[in-house]
J.: 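Sharing a structure, written as C-alpha cells. Questions coming.
Everything numeric here is computed off the predicted structure, so don't read it as measured data. Because only heavy atoms are used, hydrogens play no part in the values below, and waters and symmetry mates are left out as well, while side chains stay in.
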Amino acid sequence: MDFFRSQDEEIALNAIKHAVKALRKRHLLEESAHAPALIALYKPLAYQGSVWKEKAENLEVELQHCYKAQTQLSEQLVAEVAESRASKASVQQREATILDVQNELTKARDECSHLTELLEEKNKALELVISENEELKTQLEEITARAKNAEDENKTFIDRWMLEKMRDAERAILICNIGSCIETKANALYEDMLGQLKARGIEQLARQQVDGVVRRSEEGAEYYAESAVPSVSKRQIHAHEGGCAAIVFENSSSTLASGGQDKTIKIWDTDTGSLRRTLCGCLGSILDLAITNDNSSIIAASSSNNLYIWDADSGRMNHTLKGHKDKVCAVDTSKVSRFHVVSAAYDRTIKVWDLHKGKCINTINFHSNCSTICFSIDGQTICSGHVDGSLRLWNMQTGKLLSEVAAHSLAVTSISLSRSGNVILTSGRDGLHNLFDVQSLEVCSTLKGSGYKMPSNWSRSCISPDENYVAAGSADGSVYIWSVSKASIVSTLKEHTASVLCCSWGGVGKPLASSDKNGIICTWM
C-alpha cells in the first residue's frame with residue numbers, strides 16, 4: 001500500500017516538474033514575442049525623460065532667473081519705499097510751508113486792510129486839509145481885496161493929512177510967539193508927570209518883592225518863595241509800571257499829578273509821599289499832563305489819539321476829546337480861563353478846545369509835527385515847539401502864525417513859560433536849553449553841560465518859579481540844575497537809575513520833582 005502511494009507521489013512530482021518546464025518555456029516564448037513591444041515602449045519613455053530632464057534644467061535656470069529678478073525687485077521695492085518715505089516727508093514739509101505761507105498771507109491781508117483803513121483816514125485828512133486850504137485861499141483873496149481898498153483909502157487919507165499939515169503950518173506961523181510961553185508950561189508939566197510915573201514904578205516894584213515873596217495880585221492868591229538849589233533827595237516814589245513821562249504840580253500847591261505807560265494818573269502828596277487818588281479810564285500811555293488854573297480838572301494827552309479830562313475832586317472822568325488822528329504828545333491849559341485847552345499831536349495839527357462846550361473850536365495845520373506846547377500868560381497866544389527845531393507863536397482865536405524862530409538845530413522837546421510870562425524856556429535834542437524873551441524872541445541865555453544828554457523826544461525841562469534856575473533830566477539818570485544868571489551848572493542830582501524824562505518845580509518854589517523810564521519819581525529839597 002505504501003509502495004503504490006510513493007509511486008503516485010513520484011508521478012505527480014514528475015508531472016509537476018514537466019508542467020513547470022512547459023510553463024517556463026512558454027514564458028520565454030512570450031518574452032521573446034513581447035520584447036520588441038517593450039523596447040518600443042521603453043524608447044519613448046527614455047526620450048521623454050531626457051526631454052523632461054532638459055525641461056527641468058530649463059525650469060531650474062528660469063527659477064534662478066526668477067530668484068534674481070525677485071532679488072532685483074526686492075531691491076527696487078526697498079529703494080521705492082525709501083523714495084516714498086522721502087517724498088512723504090517732502091510733502092509734509094511742503095504742506096507745512098504752505099500753511100506758513102497761508103498764515104503770512106492772512107497777516108498780509110490783515111495788514112493790507114489796516115493800511116487801507118489808514119489810507120482812507122489819510123485821504124479824509126487830506127481832503128479836510130484841501131478844503132481848509134481852499135477856505136484859506138478864499139479868506140486870503142478877501143483879505144487882499146480889503147487890503148487894496150484900505151491902501152486906496154490910506155492914500156486918500158494921506159492926501160487929506162498933507163493938506164491939513166499945510167494948514168497947520170500956516171497956523172503955526174501965526175502962533176509962533178504964543179508957542180514959546182506954552183512950551184515952558186509943557187516942559188514943567190512933563191517933568192511933573194515923569195516924577196509921578198517913577199513914583200508909581202517904585203511902588204509897584206515894592207509890591208512885587210516883599211521879604212523874598214513875589215505877589216502877582218492884590219489878593220495874594222498866587223505867591224511863591226524864592227527857590228533854593230536842590231541838593232538832596234527827599235523821597236523816592238515807585239509811581240508807575242513801565243515808565244513815567246509826565247508830572248505836573250497843582251497851581252500854588254505841593255500836590256503832584258503823574259502819568260505813566262500803565263495808562264493811569266496818580267495824585268501824590270509830596271510832603272508825605274502818600275498816594276491820594278488814582279485816575280483810570282485812559283486807553284493809552286500818558287505822554288503829557290496839564291491842570292486847569294483853578295485846579296478843578298486834570299487833562300491827559302494820550303497815545304490813543306485822545307485827550308481825557310478828570311474832575312480833580314471826585315476823580316470822575318468828565319470828557320474824552322476826540323479829533324486827533326495820531327498820538328497826542330502835548331497839552332496845556334490857559335492861565336486865565338479854566339475852559340480853554342490846547343493840544344498837539346503827531347498828525348501835524350494843533351487844536352484849541354473849549355471844555356465848557358466839549359469840542360474843538362480851532363485847528364491849526366502845519367507841515368512840521370509839534371512835540372510840545374504852552375499858552376502865553378494872557379491866554380491869547382500859543383507857543384509851540386516843533387521837530388524841525390523851530391519855536392512858533394500863534395494867535396489862539398484866528399490860528400494865524402505870529403512869529404517863528406529857529407530855536408535848536410534838532411527837534412524841540414520841551415517848552416516852559418516862566419511864572420511872569422516874560423521868558424520862554426526851550427529844550428532840544430541838541431542838548432541845549434535856550435531862554436527867549438517873549439516879546440522879541442531873542443535869546444537871553446543858552447544853558448548847556450558837558451555831561452548832559454537829552455533822553456528822548458518828549459523830555460520835559462522846567463524853570464523855577466522865581467526864574468533863577470532851570471532843571472532838566474539827562475539820559476544817564478542825573479538831574480542837572482543851571483543858574484540862569486551865571487549860565488552854568490550849579491548842581492547835579494544823582495538818584496535815578498534810568499533816563500530822567502520829566503522835571504517839574506512846585507508851584508510854591510519847592511520841591512523839585514523828577515520822573516524816569518522805570519516809573520520812579522524823586523522829590524528834591
Side-chain angles (χ1 to χ4, degrees), residues 1-124 241-243 261-263 283-285 303-305 326-327 517-518:
M1 188 78 180
D2 293 330
F3 176 79
F4 285 112
R5 185 179 292 178
S6 62
Q7 283 183 351
D8 290 335
E9 289 176 358
E10 186 178 355
I11 292 169
L13 287 171
N14 291 329
I16 290 170
K17 290 179 181 180
H18 181 72
V20 169
K21 288 180 181 180
L23 285 172
R24 285 179 178 174
K25 187 176 180 180
R26 186 179 177 182
H27 178 69
L28 292 172
L29 290 173
E30 286 178 358
E31 280 184 355
S32 61
H34 292 295
L38 290 172
I39 292 170
L41 287 172
Y42 176 75
K43 285 182 180 180
L45 289 174
Y47 176 74
Q48 288 179 359
S50 62
V51 172
W52 288 342
K53 184 177 181 181
E54 185 179 355
K55 286 183 178 181
E57 291 175 353
N58 292 334
L59 288 174
E60 186 175 357
V61 172
E62 289 180 1
L63 182 60
Q64 291 177 355
H65 289 313
C66 288
Y67 285 152
K68 291 181 181 179
Q70 184 180 4
T71 303
Q72 293 176 355
L73 289 174
S74 298
E75 293 175 353
Q76 186 177 359
L77 180 61
V78 171
E80 289 180 355
V81 168
E83 290 179 0
S84 175
R85 290 177 180 175
S87 300
K88 186 176 180 180
S90 176
V91 169
Q92 290 177 352
Q93 184 178 3
R94 290 180 180 177
E95 288 179 350
T97 304
I98 291 172
L99 184 60
D100 293 338
V101 171
Q102 288 178 347
N103 293 332
E104 292 178 358
L105 180 61
T106 303
K107 290 180 181 179
R109 287 175 178 171
D110 294 339
E111 291 179 358
C112 183
S113 61
H114 179 63
L115 291 174
T116 303
E117 294 176 357
L118 291 177
L119 180 61
E120 292 177 354
E121 292 179 358
K122 297 297 182 183
N123 288 334
K124 291 180 181 178
E241 298 295 333
Q261 291 187 5
D262 56 4
K263 305 177 184 179
L283 300 180
S285 300
S303 62
S304 64
N305 307 349
D326 207 337
K327 56 187 175 185
K517 282 188 176 181
N518 290 337

J.: Verify the neighbour count for atom CD of E57: are there more than 12 heavy atoms of other residues, nucleotides or ligands below 6.0 Å?
T.: yes

J.: Go through the structure and list residues passing side-chain contact (heavy atoms from CB on, under 4.5 Å) with Q102, not counting sequence neighbours.
T.: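 Expected list: I98, L99.
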
J.: Counting N and O atoms only, with roles assigned by atom type, does the side chain of S285 sit under 3.5 Å from a partner on the main chain of S303, one being a donor and the other an acceptor?
T.: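 No: the side chain of S285 does not pair with the backbone of S303.
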
J.: How long is the gap from CD on Q64 to SG on C66, to the nearest 0.5 Å?
T.: 10.0 Å

J.: Please enumerate all residues that pass side-chain contact (heavy atoms from CB on, under 4.5 Å) together with L283, with sequence neighbours excluded.
T.: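 Listed in chain order: S304, Y308.
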
J.: Donor-acceptor pairs under 3.5 Å, side chain of residues 73-85 to any protein atom, not counting sequence neighbours: which ones?
T.:
unit_1 : atom_1 : unit_2 : atom_2 : d
S74    : OG     : Q70    : O      : 2.8
Q76    : NE2    : E80    : OE2    : 3.4

J.: Within this structure, what is the OG1-CD distance for the pair T97 and Q92, rounded to the nearest 0.5 Å?
T.: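 Answer rounded to 0.5 Å: 11.5 Å.
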
J.: Which residues satisfy the side chain to side chain donor-acceptor pair (under 3.5 Å) test with N305, sequence neighbours excluded?
T.: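 Scan of N305 (side chain to side chain donor-acceptor pair (under 3.5 Å), adjacent residues dropped) gives none.
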
J.: If I take atom CD from residue E54 and atom CG from residue N58, how far apart are they, to the nearest 0.5 angstrom?
T.: 5.5 Å

J.: Identify all side-chain donor-acceptor contacts of residues 110-121 below 3.5 Å with residues at least two apart in sequence or on another chain.
T.:
unit_1 : atom_1 : unit_2 : atom_2 : d
S113   : OG     : R109   : O      : 3.3
S113   : OG     : D110   : O      : 2.5
T116   : OG1    : C112   : O      : 2.6

J.: What residues, two or more places apart in sequence or in another chain, satisfy side chain to side chain donor-acceptor pair (under 3.5 Å) together with E62?
T.: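 E62 satisfies side chain to side chain donor-acceptor pair (under 3.5 Å) with no other residue.
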
